[in-house]
Amino acid sequence: MGVVLTPRKNGAVKVVALVPIDLKSTYATDGDRIVYWLCRSISNRIEHILKTNFANYPKGELTVSMIEDFLGHGIFNSDGEQWLWQRKAASYEFSKRSLRNFVVDAVRFEVVERLLPLLDRARRDGRSVDVQDVLERFALDNICRVAFGEDPACLAEEGGMAASESAEFMRAFNDAQSAIMARFMSPVKSLWRLKRLLNLEPERRMREAVGTIHGYADRIIRERRARGEAAGPAACGRDDDFLSRFAASGEHSDESLRDVVTNFLLAGRDTTSSALTWFFWLISTRPDVEEKIVREVRAVRRASSGQESAGAAPATFSFDELRDMQYLHAAITESMRLYPPVAMDTHSCKEDDFLPDGTFVGQGWLTTYSAFAMGRVEDIWGEDCEEFRPERWIGDDGAFRPESPFKYPVFHAGPRMCLGKEMAYIQMKSIVACVLERFSFQFVGGEGRPGLVLSLTLRMEGGLTMKVITRTNSALV
């Protein structure tokens, strides 16, 4: 459940909306009055909040305060000038071709050296694997390499984080997200502070989790500072990783850099792994979609290499080859329509306002929309809204056809539009193309849809247990 809240005069918070994320229609209630939020005008309302009147809908003090001990005042938990300078700095770096090339190289290394060998060992040994866990470890390795020049090697057999240390770190991230969601879901918004003071659950685990996460971030920053001092000013900013570029000016404190690290860890580890976990489950239920993806992957391979045999081809794909995979792009996009990594988004209303349809929003009210619910509304996506159908994203010319970000706010929209969108697609398409070219997954977790775990990102309850099967060249032509 998600909530829309208004403050009372005495400072308490009043619940005026309940958002069941598994229902087609989402509504707000205030006494006997019912206002339906998900209808034909929802895109206009979201555009008003996220773009047209952006300055009037910041994250807000309440939201920032509830996440501050985890994310500090990083780019995902700040407003105004504090957000703007981080956005400008990040936007400048993300626009550089060198960063894109660095991302491609980092993903290639993780796929070839770790992911494919891990899956091949599981196939050879007849073991099932938790694909969600594998993807989260992959994503952590990749974001640490790209963002900080650090390789925790969580997916490696040996030589990286010890298995216990890696598991502790991953658990800390999940615990922190669960505790923050509990804060948001509580009808009494200050209750978590009392629980933290008394060291009660889940705040006890939250304190331990934040200590683990910040300890890791602080170590990265200390080592980066030491490396920079040893190299001297002439080498400042030469490293390709994002943190080196961000810290090159020398204007940022260790605390500010720690916020950078934790914010990018959250964005890089949890979003792509969430998206691909649900994607691999969906295609395991739709062999026709999987077949089309594999046909396209092999067609791109043949066109670029001139080789008919997939076994003789390089292990990964170039940026241009990934860009040519239009159906794969559509399939991943369609999967995120149904299972968006960030299922809900909340903003605070700074001054009294009216939405385009005349709905009043009072000062201090929290406005929440659910991308998960929007993906299941017939007025937005048609009668087949609950069907996994990648073809809805393909135009008559066979090319991918994007939709308005206010209709499909998976990467947010407006000034806060996700800067890492291209990076995310590079990583996701590379993983899927390389894996499905060689293997097929068989879901062994039982019948029915897996359960949802709604934290800051949408995770799968109990993981995604899959059997790894070799894909033969003769299976598809």
Side-chain angles (χ1 to χ4, degrees), residues 90 93-119 131-156 170 173 240-242 263-280 282-283 293 297 300 314-336 339-342 400 410-412 417-439 457-459 464:
E93 297 301 342
F94 272 104
S95 68
K96 292 182 178 179
R97 182 181 296 270
S98 59
L99 181 61
R100 188 191 73 187
N101 293 338
F102 187 52
V103 171
V104 172
D105 290 342
V107 172
R108 179 182 295 118
F109 173 85
E110 194 72 11
V111 167
V112 174
E113 300 298 328
R114 292 171 181 165
L115 179 60
L116 295 179
L118 181 151
L119 294 176
V131 172
Q132 178 169 254
D133 175 68
V134 168
L135 291 170
E136 287 177 348
R137 288 188 283 145
F138 180 106
L140 181 61
D141 283 351
N142 193 65
I143 192 60
C144 286
R145 183 183 292 271
V146 170
F148 323 125
E150 171 85 3
D151 182 13
C154 294
L155 208 58
M170 305 286 275
F173 243 87
D240 286 325
D241 67 87
F242 191 85
N263 278 248
F264 275 89
L265 281 173
L266 176 66
R269 192 208 79 146
D270 287 52
T271 53
T272 55
S273 59
S274 168
L276 286 184
T277 296
W278 291 104
F279 171 84
F280 279 119
L282 279 170
I283 64 166
I293 292 171
V297 169
V300 169
T316 57
F317 296 87
S318 68
F319 175 78
D320 290 336
E321 289 169 334
L322 293 172
R323 186 175 53 190
D324 289 340
M325 298 179 188
Q326 300 288 296
Y327 188 81
L328 173 56
H329 197 101
I332 292 174
T333 302
E334 174 73 347
S335 174
M336 290 190 291
Y339 296 97
V342 181
F400 177 79
V410 170
F411 291 94
H412 301 301
M417 184 81 172
C418 177
L419 291 170
K421 179 179 178 180
E422 182 182 38
M423 182 189 298
Y425 270 113
I426 289 173
Q427 178 173 323
M428 291 189 291
K429 292 173 75 172
S430 185
I431 291 172
V432 173
C434 293
V435 168
L436 292 188
E437 188 180 34
R438 294 161 177 79
F439 306 107
T457 53
L458 191 65
R459 302 182 70 247
L464 178 61

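- Residue D324 holds its CG atom at 8.0 Å from NZ of K429, rounded to the nearest 0.5 Å.
- No side-chain donor-acceptor contact under 3.5 Å links E422 to the backbone of L419.
- Taken from CH2 in W278 to CZ in R459, the straight-line distance is 10.5 Å, to the nearest 0.5 Å.
- Counting heavy atoms from C-beta outward, V410 and P341 have side chains that approach closer than 4.5 Å.
- Listed for the D141 side chain is a donor-acceptor partner under 3.5 Å among the backbone atoms of C154.
- Note that the CZ atom of F317 and the CZ atom of R323 stand 15.0 Å from one another [nearest 0.5 Å].
- Side chain of Q326 to backbone of F400: a donor-acceptor contact under 3.5 angstrom is found.
- In this structure a side-chain-to-backbone donor-acceptor pair under 3.5 Å is present from T277 to S273.
- In this structure, CE on M170 lies 8.0 Å from CG on D270, to the nearest 0.5 angstrom.
- Residues meeting the side chain to side chain donor-acceptor pair (under 3.5 Å) test with E93, sequence neighbours left out: K96, R245.
- Of the charged side-chain nitrogens involved, at least one lies within less than 4.0 Å of a carboxylate oxygen, so that R137 and D133 count as a salt-bridged pair.
- With sequence neighbours left out, Q427 forms a side chain to side chain donor-acceptor pair (under 3.5 Å) with N142, T272.
- In this view, D105 and R108 satisfy the side chain to side chain donor-acceptor pair (under 3.5 Å) rule, not counting sequence neighbours.
- With 3.5 Å as the limit, one finds no donor-acceptor pair spanning the side chains of S274 and Y339.
- To the nearest 0.5 angstrom, T316 atom OG1 is 12.0 Å from I431 atom CD1.
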